[in-house]
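Each ligand, and each atom within it, is numbered from 1 in the order the structure gives.
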Amino acid sequence: MLNVLLIGSGGREHALAWKIAQSPMLGTLYAAPGNPGIAEHATLSQLDVSDHDAVISFCKDEAIDLVVVGPEAPLVAGLADALKAAGIAVFGPSAAAAQLEGSKGFTKDLCARENIPTGAYERFNNAPKAKAYARAKGAPIVIKADGLAAGKGVTVAMTMEEALAAIEDCFEGAFGDAGAEVVVEEFLHGEEASFFCLCDGKTALPFGTAQDHKRVGDGDTGPNTGGMGAYSPAPVMTQALIEQTMREIIEPTMRGMAAIGAPFTGVLYAGLMIDETGPKLIEYNVRFGDPECQVLMMRLKDDILLLLKAAAEGELAHVSARWKDDAALTVVMAAEGYPGTPKKGTPIAGLAAAEASGAKVFHAGTTLKDAQLLANGGRVLNVTAQGTDVTDAQAKAYQAVDAIDWPGGFCRRDIGWRAVEREAKN
Ligand code: AMP
Ligand code: GLY
């Protein structure tokens with residue numbers, strides 16, 4: 001039996017906890033800090049995860065066999081390195097390997113060395129040179145703060161004015177240290193898709209596809225968010241495209257990371273742009289997507305704990321991952337004000353009614369006060385359903401959404417529209 005510590009507090013971690021709890025290999029599941037949904041499956045701890053010694057002591061006291069890290073920040077801060085040095089198995093990359101998400105420039109340089117298809121780019125440490133390059137290339141063009149900026153450091157500039165303003169914002173400190181360096185990148189055309197692999201340093205195991213909706217409003221309008229909904233599989237990712245992505249993007253990345261002494265372990269999440277020539281890499285993340293993880297966990301047939309353990313122990317070559325034929329779709333319910341300042345503390349009811357028809361409601365930013373569930377963040381609930389195709393999963397997810405009684409929340413009504421249109425044509 002394995003005792004597991006899960007780090008994180010979002011819908012992604014609730015989905016992981018829900019799936020890990022189904023494993024026959026599980027002893028006790030702990031989560032830090034967790035949320036009220038995760039608490040249904042795990043013992044919560046208020047452990048400070050930025051205090052690596054405290055995490056190590058906790059693991060020793062509770063005889064933890066595997067630590068699973070959900071979000072990127074603790075990985076970039078070296079939590080996996082500290083745990084490994086203390087002899088504790090961990091699912092998640094080293095700080096050196098987490099640079100794939102922590103530094104856009106690092107990833108672009110890897111692409112250049114390994115011939116990985118991606119947009120043309122240059123890295124800059126001052127505004128005048130960045131502006132001169134942007135002017136020479138012309139709009140549309142993409143401006144990216146180098147470091148972690150909570151998903152807000154990217155400007156897809158349709159005009160040169162926007163591009164120049166974004167460059168100024170970065171160097172004037174809008175993203176703190178993350179913007180001290182800027183990547184100016186070619187605008188890529190096509191359809192976006194997310195592709196996931198579990199990695200153990202040597203082997204990359206394809207682990208599903210998804211598409212998400214980043215904009216806050218229906219019709220993909222309004223400001224960017226962490227993601228307002230997602231579905232899996234991504235119809236655009238055919239088997240041929242998956243094989244091309246493995247050959248041209250993922251495998252060279254695994255080789256390139258090993259070559260610089262930073263073999264990649266954990267989830268490699270490739271954001272891809274697909275056009276008629278195939279996939280191009282937009283960016284890497286070193287963790288599961290949120291809310292993409294929720295739809296992957298719904299569709300996974302196999303024991304997630306066995307797979308995470310195999311990845312942590314370098315044994316992925318000996319396992320496989322099988323998926324339900326069903327599609328899964330998740331609708332994010334957010335608190336009014338998101339992605340600006342979300343209103344906290346509004347009461348939420350009706351979750352049992354929402355789940356009565358087979359949907360699953362994952363908690364993200366929720367809290368319990370005197371047994372009343374309250375909103376406590378931007379993205380609050382992930383209402384997730386499976387169906388025979390995306391159209392069916394979408395209908396079931398919105399039926400569940402409509403059973404939730406939360407006047408302080410809102411959601412998009414068109415999650416999955418692209419796949420639904422495609423299914424209507426076929
Ligand atoms: P990122 O944080 O790198 O995922 O970028 C956020 C979003 O910006 C992506 O999901 C894309 O929609 C868009 N984006 C980033 N880079 C490009 C690019 N080179 N061309 C077109 N769109 C892009
Ligand atoms: N949903 C996008 C992300 O997790 O980065």
Practice problem: Establish, from distance only, whether the side-chain atoms of R299 and S232 form a donor-acceptor pair under 3.5 Å. | Solution: yes
Quiz prompt | Element-labelled atoms of ligand 1 that are located less than 4.0 Å from some non-hydrogen atom of K144 | solution = 3 (O), 15 (C), 16 (N)
Exercise. Would you tell me which option among R215, E283, E192 has the nearest heavy-atom contact to atom 3 (O) of ligand 1?
Key: E283
Exercise. Taking the side chain as every heavy atom from C-beta outward, state whether P347 and W406 have any atom pair closer than 4.5 Å.
Key: no
Quiz item: Which atoms from ligand 2 have a heavy atom of R287 less than 4.0 Å away?
Solution: 3 (C), 4 (O), 5 (O)
Quiz item: Which atoms of ligand 1 sit under 4.0 Å from any heavy atom of K104?
Solution: 2 (O), 3 (O)
Practice problem: Heavy-atom distances under 4.0 Å are what count here, so tell me which part of F288 touches ligand 2: side chain, backbone, both or neither. | Solution: neither
Self-check item: Result of checking V383, L16, T384 against Q294 for side chain to side chain contact (heavy atoms under 4.5 Å, CB included)
Solution: T384
Practice problem: Look at ligand 2 and say whether P291 reaches it with a heavy atom at a distance under 4.0 Å. | Solution: yes
Exercise. Compare all side-chain heavy atoms of E292 with those of Y269 and state whether any distance is below 4.5 angstrom.
Key: yes
Exercise. Answer whether the closest heavy-atom distance between the side chains of R422 and V236 falls below 4.5 Å.
Key: yes
Quiz item: Does E292 approach ligand 2 within less than 4.0 angstrom via side chain, backbone, both or neither, non-hydrogen atoms only?
Solution: side chain
Quiz item: Are W417 and Y231 an aromatic pair by the rule of ring centers under 6.0 Å?
Solution: no
Quiz item: For atom 23 (C) of ligand 1, which candidate among I141, V156, T118, T107 holds the nearest heavy atom?
Solution: V156
Quiz item: Does H189 come within less than 4.0 angstrom of ligand 1, counting non-hydrogen atoms of the residue?
Solution: no
Quiz item: When the aromatic ring centroids of F171 and F124 are compared, is their separation below 6.0 Å?
Solution: no
Self-check item: Candidate list R418, E192, E191, test side chain to side chain donor-acceptor pair (under 3.5 Å), partner Q211, passing option
Solution: E191
Quiz item: What part of L188, side chain, backbone, both or neither, has a heavy atom within less than 4.0 angstrom of ligand 1?
Solution: both
Practice problem: May I ask you to list the atoms of ligand 2 that are less than 4.0 angstrom from any heavy atom of D212? | Solution: 1 (N), 2 (C)
Exercise. Between Q211 and ligand 2, find which residue part has any heavy-atom pair under 4.0 Å and reply side chain, backbone, both or neither.
Key: neither
Quiz item: Does a donor on one side chain and an acceptor on the other come within less than 3.5 Å for H213 and D220?
Solution: yes
Quiz item: Looking at K214, which atoms of ligand 1 are within less than 4.0 Å of one of its heavy atoms?
Solution: 10 (O)
Quiz prompt | Which of the ligand 2 atoms, numbered from 1, are nearer than 4.0 Å to a heavy atom of G289 | solution = 4 (O)
Could you list the donor-acceptor pairs under 3.5 angstrom formed by side chains in residues 361-368, with sequence neighbours left out?
from	atom 1	to	atom 2	distance (Å)
H363	ND1	T366	OG1	2.9

Quiz item: Would you say D290 and ligand 2 have an N/O pair spaced under 3.5 Å apart?
Solution: yes
Quiz item: Taking heavy atoms and a distance under 4.0 Å, where does E186 meet ligand 1: side chain, backbone, both or neither?
Solution: backbone
Quiz item: Which ligand 2 atoms does G226 reach within 4.0 Å, using its non-hydrogen atoms?
Solution: 1 (N), 2 (C)
Practice problem: Hey, could you give me the CD/CD distance between E185 and E283, rounded to the nearest 0.5 Å? | Solution: 9.5 Å
